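Presented below is the structure to which this report refers.
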Amino acid sequence: HVRCVGESIVITENIAMYKWVIEKLSDMVPQWSVKQIKIIFADGLTTQRLLQELGIEETCTLRGDYFHLMNEVFPKEHNFGRKIFVMISGYLRRMLIGKTKEEWDNSFNTASSMLKNYPSKLDKLKEIYDRPSYCAGYYLADIPGNIMSGGDL
């Protein structure tokens, strides 16, 4: 089941607040359990720590939200920066939405070859590649109940 189970207005975004909101949902709907969450789409601020604090790190996947990754996270200077991002954005997109590991690998390899003169940016790309659960389309496709969603795709 996919649901928008609650809405809230919060003053600050942090792990403690996300945890509180999720736990309160469980309090308000006793027949629902935090343990039922299989995927959390994150915007870059939410980390694996949220899953650990909720006790669901073994049963839930923290997944980067397509919209935030492509429009806010990857283009930032401390990641790829606008210039490099534009160069490789098509390959990043395919890494995020591709349905096979082969597509993931091919897109990574092509983008890597384009970044050979930018070692720090190549390191960023390798960090993405080394974390398929957070970014790989093929990984998401294998999670039951994913409805083929990429977050805000």
Side-chain angles (χ1 to χ4, degrees), residues 1-82 84-85 88-108 111-112 121-153:
H1 295 67
V2 176
R3 297 179 182 134
C4 176
V5 293
E7 294 184 31
S8 62
I9 298 173
V10 296
I11 304 302
T12 184
E13 282 189 85
N14 59 41
I15 298 297
M17 184 57 65
Y18 290 139
K19 180 180 182 238
W20 180 83
V21 168
I22 291 170
E23 289 175 337
K24 289 301 151 199
L25 290 171
S26 187
D27 291 346
M28 290 185 283
V29 184
Q31 65 269 30
W32 179 79
S33 168
V34 172
K35 304 282 187 212
Q36 293 174 299
I37 301 173
K38 299 298 177 211
I39 305 170
I40 293 179
F41 286 94
D43 61 3
L45 297 174
T46 305
T47 66
Q48 194 69 23
R49 190 177 119 217
L50 175 63
L51 277 59
Q52 292 164 343
E53 290 193 14
L54 290 169
I56 58 174
E57 68 273 15
E58 299 296 323
T59 60
C60 183
T61 298
L62 182 65
R63 172 66 188 201
D65 173 273
Y66 178 89
F67 176 85
H68 286 93
L69 290 175
M70 291 297 289
N71 293 292
E72 297 176 12
V73 176
F74 293 160
K76 288 191 176 178
E77 196 55 43
H78 68 274
N79 288 314
F80 295 109
R82 182 56 63 193
I84 301 298
F85 174 75
I88 65 168
S89 64
Y91 301 104
L92 287 169
R93 181 180 187 281
R94 274 185 240 138
M95 289 175 75
L96 292 173
I97 66 170
K99 302 294 184 242
T100 66
K101 185 168 185 324
E102 180 181 36
E103 191 170 3
W104 168 260
D105 290 337
N106 290 341
S107 297
F108 168 75
S112 293
K121 304 304 181 187
L122 181 56
D123 288 344
K124 292 290 181 187
L125 185 63
K126 286 178 183 173
E127 288 174 19
I128 292 167
Y129 183 79
D130 289 340
R131 195 173 172 203
S133 65
Y134 194 75
C135 292
Y138 79 88
Y139 190 97
L140 179 62
D142 285 343
I143 299 173
N146 66 49
I147 67 166
M148 299 313 295
S149 176
D152 287 331
L153 184 61

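Not measured: the values here are computed from a predicted model.
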Item to check | Those residues that, when tested against R82, pass salt bridge (Lys or Arg N to Asp or Glu O under 4.0 Å) (two or more places apart) | outcome: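 R82 satisfies salt bridge (Lys or Arg N to Asp or Glu O under 4.0 Å) with no other residue.
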
Next on the checklist: I'd like to check the salt bridge (Lys or Arg N to Asp or Glu O under 4.0 Å) partners of E72; sequence neighbours left out, ordered by chain and number.
Outcome noted: none

Identify the two heavy atoms, one from [X] and one from [Y], that lie closest to each other, and give their separation to 0.1 Å.
{"X": "E77", "Y": "G81", "answer": "OE1-CA, 3.5 Å"}
{"X": "S26", "Y": "S33", "answer": "OG-CA, 4.3 Å"}
{"X": "L51", "Y": "C60", "answer": "CD2-O, 3.2 Å"}

Next on the checklist: I'd like to know whether S133 forms a side-chain contact (heavy atoms from CB on, under 4.5 Å) with L62, so could you lay out the CA-CA distance, the side-chain angles of the two residues, the decisive distance to 0.1 Å, and finally the verdict.
Outcome noted: CA-CA 7 Å; S133 65; L62 182 65; over 6 Å; no

Next on the checklist: I'd like to know if the side chain of R131 and the backbone of A136 have a donor-acceptor N/O pair within less than 3.5 Å.
Outcome noted: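 Answer holds: no.
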
Checklist entry - Is a side-chain donor or acceptor of K121 paired with a backbone partner of N79 at a separation under 3.5 angstrom? => result yes

Pairwise distance [atom1]([X]) to [atom2]([Y]) - rounded to 0.5 angstrom:
{"X": "I22", "Y": "K24", "atom1": "CD1", "atom2": "NZ", "value": "13.0 Å"}
{"X": "M70", "Y": "D65", "atom1": "CE", "atom2": "CG", "value": "12.0 Å"}
{"X": "R94", "Y": "T100", "atom1": "CZ", "atom2": "OG1", "value": "11.5 Å"}
{"X": "N71", "Y": "K76", "atom1": "CG", "atom2": "NZ", "value": "11.5 Å"}

Item to check | CA sep, side-chain torsions, deciding dist, call: Y134, L69, side-chain contact (heavy atoms from CB on, under 4.5 Å) | outcome: CA-CA 10 Å; Y134 194 75; L69 290 175; 4.1 Å; yes

Next on the checklist: side-chain contact (heavy atoms from CB on, under 4.5 Å) for E103 and Y138? Distances and angles first, verdict last.
Outcome noted: CA-CA 8 Å; E103 191 170 3; Y138 79 88; over 6 Å; no

Item to check | Pairing of K19 and E23 as salt bridge, 4.0 angstrom limit | outcome: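 Salt bridge flag = yes for E23 with K19.
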
Checklist entry - So, are K101 and D105 salt-bridged, with charged N and O less than 4.0 Å apart? => result yes

Under a 4.5 Å cut-off applied to non-hydrogen side-chain atoms, are [X] and [Y] in contact?
{"X": "L96", "Y": "F74", "value": "yes"}
{"X": "I143", "Y": "T61", "value": "yes"}
{"X": "P75", "Y": "F80", "value": "no"}
{"X": "Y91", "Y": "S112", "value": "no"}
{"X": "F108", "Y": "I128", "value": "no"}

Item to check | Candidate pair L125 and M95, rule side-chain contact (heavy atoms from CB on, under 4.5 Å), full reasoning | outcome: CA-CA 11 Å; L125 185 63; M95 289 175 75; 4.1 Å; yes

Return a table of donor-acceptor pairs under 3.5 angstrom between the side chains of residues 39-48 and protein atoms on other chains or two or more places apart.
| from | atom 1 | to | atom 2 | distance (Å) |
| --- | --- | --- | --- | --- |
| D43 | OD1 | L45 | N | 3.0 |
| T47 | OG1 | R49 | N | 3.3 |

